[in-house]
Amino acid sequence: MDFNDTPEEAEFRAEARAFLEKHLEPKTSSGVRRERGEDFLRRAKDWQALKADNKFAQITWPKEWGGRGGTAMQNVIWGQEEAKFDAPTGPFAIGLGMCIPTVIAFGSDEHKQRYVKKALRGEEIWCQLFSEPAAGSDVAGVKTRAVKDGDEWVINGQKVWTSGAHYSDYGILLTRTDPKAPKHKGLTMFIVDMKQAGVEARPIHQASGGREFNEVYFSDVRIPDSDRLGEVGQGWKVAIVTLMNERLAVGGSPGPDWSEIMDYAREAGTLSDSDFRQTLADWYIAAQGYKLTKFRTQTALSRGETPGPENSIGKIITANQLQDICNSAIEMQGHYGLMTDEERMPADGLFQQSFMWAPGLRIAGGTDEILKNIIAERVLELPQDVRVDKDVPFDELKQG
Amino acid sequence: MNFDFSEDQKFLRSEARKFLEAQCTSQHVREVLDDEARSHHEGVWNKIVEMGWLGTAIPEEHGGLGLGMLELCVIAEEMGRTLAPVPFSSSVYLFAEALKLAGSDAQKSTLLAKVASGEVIGCLALSEGPGEPDPAKLSVTFDGATLSGTKLPVTDGDIATHAVVLAKEGTGASLVLVDLGQDSVTRQPVKTLEPTRSHAEIRFDGAKAERLGNAGDGARLLEEVLDRAAVLFAFEQLGGASRAQEMATDYAKERHAFGRPIGGNQAIKHKLAEMYVKNEVARSNCYYGAWAVSTDAAELPEAAAAARIASSEAFWFASKENIQTHGGMGFTWEVDCHLFYRRAKLLAVQIGSPKHWKEKLVRALEMKNAA
């Protein structure tokens, strides 16, 4: 056992690092920075184009689509190195991680020629339009309607929790085309131009106070049939491919961890509290467990093997731990810990900000409960949940 | 990145699993469970001796196989899966490792080869009363030549031929090596929650003994011995936790209630998913402990503690929820669930309970942070 790169991996890491050092500043703070606005978007697009020109944009994509044709392990190495720098990567994660792979899998040659390279260079940004107010964990329950009218489809409905909808150029849109068919069988997927009339993105005012997500309204929006992805009624099959890619795209440490609360406790003089020390040990072990499990996954990738299911434990651990750590820190701070006033908040508000973000993290990209179902059904091969709506026409299902 | 066992080590694992599944079944474990007179399973023990596993991490010059700690970790996990009713952990993880770490050349030459051949069975005697043994408050004393006082309970204390004893010497504590075959040593078997592993009270009345390491160095040496042993114990616990998870999962697929398998209900599915998460966290921490102990890394104290705690808690959760998943059947003597529940508790308290190791872990993190 060792934690070293192979000579080939070390060579790639050095190459990646040299490129990053030449163009970016190292990251200075571990705090969560949520940059927004036009300047950030401009900077992000420039960085993406530079990456694409130097074959660092999508490491594992084939060269014909502008990728590097590299290995999964090189992709991990690139991710590790880029994370050490102040790289503006956020706006492209969903498009390149989820939407474009779906376009490559189900789109026509014209689609691929038209969209893939522009997305890769950051010239066009994509969003994913699946979730709806009545279709979250049960995303196959979408109601947004697509009705055929000649060579076009007419779209009416509402999507929700759409990251980046307000600055996106295109989206992939899951619609219901046949309400008489059972839930999973009446769906169809489209590419939609987000800048056209009838598409309206409105920011959601989140419980955390921020406005990072959107709801998107479609009012008589017209999509040519040629922008359909997959067959009519096969939208669920297409969506599965998108969602499989989601789990590869998610990752990263979301906020303060055991070491930051340990530092804080030391400064505050509470590190000697024996209850706190016991809990601190639990956090350390769970965080190490997740980090080391990723090392096991990387080992499999490095050996050219397919990783096992062990990585599915990630978000269950990290999201719950973030919430716990912030809660404990605020309780340690006592009444003082309530303050979010910029002049007065303790530890620069490190724990307060993530305290309000953590509930969302436990829901986004698969709730704790859905993730446990996934582990139980796909890893442990336990029976699927009862699905009473499976064979019932969608328009006869109870709604609410 | 190479954070996994090698092909050779995986081969050893599959051979060990095949061997133990055939030679150490739950029937063998039950033969010890149901017979109060039996301290361990001689048949299983003799076969393990023949396999040479006792000498896995003992150097060839001392009659061992001269493999490494990684190979011993692999075997430990498999021993844990089958709840082997033998004094392997006492003799190999504790006694032999203490000798390797603190023994003089003469002590090693005399004893290690005999541990490897099974002629000597060693144990470690720490506990004297409720709570974690405190090196500053020991009642067993060593005067430089003889040992006096009582240790209770000592795992495998009735079948062992030799013991390493933590004893008071002057104002400090020392590790002391003692032959248990003397008249001045009295041993009385004691009943415990875990009847498939034997325990004894050992009374020393001026027994002849010799120091292991330097006078007054006992507490420090013991920490080092236990850091190494903790990784091996953690692998045994991981093996038990994995097996308990498999039992619970298999049963949840077979057992029908309300017209379908109970494993189709989220209350069961989510419990088993949590078990899986805890076991994976334990496995990853165990691998890190294996790396640290096999390379004598400076990170060993925190790596060993993390492996030990994660595995103790994973085995506890898996063993208790395995019974719960089995329902009433799980509470019968005939179904194996309680064997895992019993073993989980023994392994969790034998060399320090999770609370003790959590405090050790945080102390190690503080030292690291201060350095």
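Remember, it's a predicted structure, so these values are computed and weren't measured experimentally. So you know, we letter chains A, B, ... as the sequences are listed, proteins then strands, and number each from 1.
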Could you tell me which portion of A/L301 (side chain, backbone, both or neither) has an atom closer than 4.5 angstrom to a non-hydrogen atom of chain B? neither

Report which part of B/L272 has an atom under 4.5 Å of a heavy atom belonging to chain A: side chain, backbone, both, or neither. both

Please test B/E97 against B/K100 for salt bridge (charged side-chain N to carboxylate O under 4.0 Å, His left out), starting from the C-alpha separation and ending with a verdict. CA-CA 5 Å; B/E97 287 302 313; B/K100 278 164 66 184; 2.8 Å; yes

Is B/L70 in contact with chain A via its backbone, its side chain, both, or neither, using a 4.5 Å heavy-atom distance? side chain

Would you say the rings of A/F56 and A/W78 are close, in the sense that their centroids are separated by under 6.0 Å? yes

Would you find more than 12 non-hydrogen atoms of other residues, nucleotides or ligands less than 6.0 Å from B/K10 atom NZ? yes

Against chain B, label A/T293 side chain, backbone, both or neither, depending on which of its atoms sit under 4.5 Å from a heavy atom there. both

Between A/F3 and B/F3, what is the ring plane arrangement, given parallel below 30°, perpendicular above 60°, and tilted in between? tilted

B/K345: which residues meet the side chain to side chain contact (heavy atoms under 4.5 Å, CB included) condition with it, sequence neighbours left out? B/W316, B/A348, B/V349

Check this for me: does any side-chain nitrogen of one of B/K278 and B/E313 sit under 4.0 Å from a carboxylate oxygen of the other? no

Proximal component of A/Q384, with respect to chain B [non-hydrogen, under 4.5 Å]: backbone

Are there residues of residues 321-331 of chain A whose heavy atoms fall under 4.5 Å of chain B's heavy atoms? If so, which? none

What residues of residues 5-19 of chain A sit under 4.5 Å from chain B when you count only heavy atoms? A/D5, A/E9

Note: A/E369-A/K372 ion pair, threshold 4.0 Å (strictly below): no

Taking every heavy-atom pair that is under 4.5 Å apart, which of B/K269, B/Q266, B/K271, B/Q9 has the most such pairs with chain A? B/K269

For chain A, which residues from residues 223-245 of chain B lie under 4.5 Å away (heavy-atom distances)? B/Q245

